Structure formats: structure tokens, C-alpha cells
Amino acid sequence: MTDTTFTPRVFSGIQPSGGLTLGNYLGAIKRFVDMQNEGTYETVYCMVDLHAITAKFLDPETLRRNTRELAAGFIASGINPEKSILINQSQVPEHAQLGWIFNCVARMGWMGRMTQWKDKAGKNAEAASLGLFAYPALMAADILVYHATHVPVGDDQKQHLELTRDIATKFNHDYGVDFFPLTEPVIEGVATRVMSLRDGSKKMSKSDPSDASRINMTDDADAIAKKIRKAKTDPDALPSEAGGLEERPEARNLVNIYAALAEMSLEDVLRDHGGQQFGQFKPALVDLAVEKLSPISKEMARLMAAPSEIDRILARGAEQAREITAPILAKTYEIVGMVR
Ligand code: TYM
């Protein structure tokens, strides 16, 4: 740990690379709202549009729409622009500027070991963009340009957060300073890894070709019901204790989703529903999911009908953000020896 005391500050981001899924909501946004409302932290939440262009070509209209829709998703889920700073990454240029410095701190070997790089680049790494390779250094900059102390994320981001600590440590060591904090990942709760509804061994993802594999935050009640009814399960009844879910990934996933939506522990869900067949449990899950998600999708649609309001919130967020990021970048440049 560093010796300096940093303001308790939360930063997290989501890529506007496609629609928002139930995995993003339960693993990330719902937790962002909790941390905002705890009152312990300053909270900064971000649409990472610079990250969204690293993987595949996105046409400009789609990127613009995705970014606004993601902002609508944040607000509709309870992110309050009066309490949190809500920004679009490219509107706060210090992210990319610190990202460059970190490109020169991070080592090729570290980046090459990132499992998301290996998964996304696949067998044809030669054809992947340089941005995809450098992605985790920009992510470290997103966090450290705020001196953020805590980062709530789903389980799949754990390795990137370890790299963020490695970059902070190397920078502090190379320049003999105690400038960047060693950020704590916050990966907690029953929904840190929501799985596909079609295959309990795969993460629920906006990039899965099968729309039936995920619940989108824009799905209406009918679509939610259809997807849950068709979700893959096994023929056994639900157990009454968590141990009974071992080796039953699909059953575990549906119980986890229920627990996260109802804000209950896994044990309590099994106490109430243990012994039920999926024919009984699934309708209860449909009712709960529709009750919790429909108000969000309706509010998203309302906000999307007047996107200028979203743009205004993001412009104000960028101004507030730059009050934090500009001095931190200026100090970084000074430490590095850039003549100012
Ligand atoms: P992204 O856009 O893939 O996902 C956004 C957040 O949603 C979580 N998540 C899930 N959680 C549970 N179950 C799932 N199936 C699931 N799918 C996604 C992710 O863990 C993440 O918390 N690299 C990041 C974006 C990023 C970022 C940052 C995050 C850029 N800079 C700085 C934190 C701090 C990403 O690709 O997330």
C-alpha cells in the first residue's frame, strides 16, 4: 500500500459497444447505485466510448446511440447526476492523455498475459487493433486519473484491476513518488458472474450471437418471460441448500439472478423455493424480473425520446470530472518531466 491518504472515490465504466445486459446491470450498475447511495464515496461513472472502438468497427451512428442509451440505462437504474459524476470518456481528454503515459509504463509481457486480450484477439492476433492490446492501460488511466480508491466490477475485470495496481506500483517506483493509489477492486455479491441463459458455462454477454442467451435491459415483459421460460435447466427440483447447486451451473445461475434481483441471499432463496421444479420456479423468476426491470426499460425509452437532456447531463459531468482530472494529469506530467 502507499502511505498517502486518498479521498474515498469510486470509479467504474461500461463499454457502449452494444446493448446493456442483465449481467451488466446486476454485476455492475446495481452495485454502482448502492455505492452512490452509501454516502461513503465520491462516485464517478463512465461510458467508455474510447474502449468501445477497440474490438470491431462500430458505425458512428451506432456508437452515438449506444452511448446515449447506456447513459439512459445508468440514469433509469438510479444513478443520480446530482450525486454522481456521469461522463462519456472521450469528453474528458485526460483519460487518453494519462493512457499514453501508462502505455509507456506497462510492459508488452503484462499486456500479452491478459486473458481478455487472448479471448478477443483469438487466433488472429495480427489482425487485432493496437488499441485492443493497449486497452487495459487506458482502463488503468480511467481509474487512476481520478485517484480512485475503489472500483466495483464483475468478476471478468479482476485481472485488469490487478494490472492497474501493477501500473500504479511501477510508476510510483520508477519516479520515486507516492502519487497513484493502489486501487481496491470491489467484486462482491451473488451476481459477479451472471451466466448465459443457454449455456451455464458461458458468461452472459452483449456480444453472444444468440439473443436468447441474455436479457437486454431494453427487453419488454414478453421478451423477458419468453427467455426465462426457455432458459436451459436440468430435470431436478431445486435443492434446499447451496451445496445442492454444485455441478448444476444453469440452476445456480437462475437462483443467483433471483437472489440478486430480490436482494436476498442464495440461502434465503433456496429456503423459500427449495423442492420446487423449474415449472414453478421460472414463473416466480419471470414475475420478479418483470417487476424489477420493466420500470427501468420504460424510463430508458422515455429518456431516449429526448436525448438532448442526456447530452446536457454528460456535458455537465465532463466539466465536474475535469476539475478532478486536470490537476492530476498536470501533476503527472510534472513528475514525468514534461516541460509545461
Ligand atoms: P464491460 O463493458 O464488458 O462490462 C461492464 C461491467 O459489467 C460487468 N459484467 C458482468 N457482471 C456480471 N455478469 C456478467 N455476465 C457481466 N458482463 C459484464 C463487467 O465486469 C463490468 O464491471 N473493461 C471494462 C470497462 C472499463 C472499466 C474501466 C471498468 C473501462 N475502463 C475502468 C472499470 C474501471 C469492460 O469491458 O466492461
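The first residue in the sequence is number 1, and the count goes up from there. One-based numbering, in listed order, for ligands and for the atoms of each. All values derive from a computational prediction rather than experimental measurement.
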(request) Can you tell me which residues line ligand 1 if we count any heavy atom under 4.0 angstrom from one of its atoms, in chain and number order? (result) F11, S12, G13, I14, Q15, G23, N24, G27, A28, V48, H51, Y135, M139, D142, I143, V151, V153, G154, D156, Q157, A191, T192, R193, V194, K203, M204, K206
(message) Can you see whether N253 engages N256 through a side-chain donor-acceptor pair at a distance of less than 3.5 angstrom?
(response) no
(request) Please report the closest heavy-atom contact between A96 and L50, naming both atoms and the distance. (result) CB-CD1, 4.2 Å
(request) Determine which pairs satisfy salt bridge (charged side-chain N to carboxylate O under 4.0 Å, His left out) with at least one residue from residues 116-127, sequence neighbours left out, and list them in order. (result) none
(message) With a 6.0 Å cut-off on the ring centroids, do F11 and Y45 count as close?
(response) no
(request) Kindly say whether the aromatic ring centers of F171 and Y175 come within a distance under 6.0 Å. (result) yes
(request) Could you tell me whether W117 and Y135 have their ring centroids closer than 6.0 angstrom? (result) no
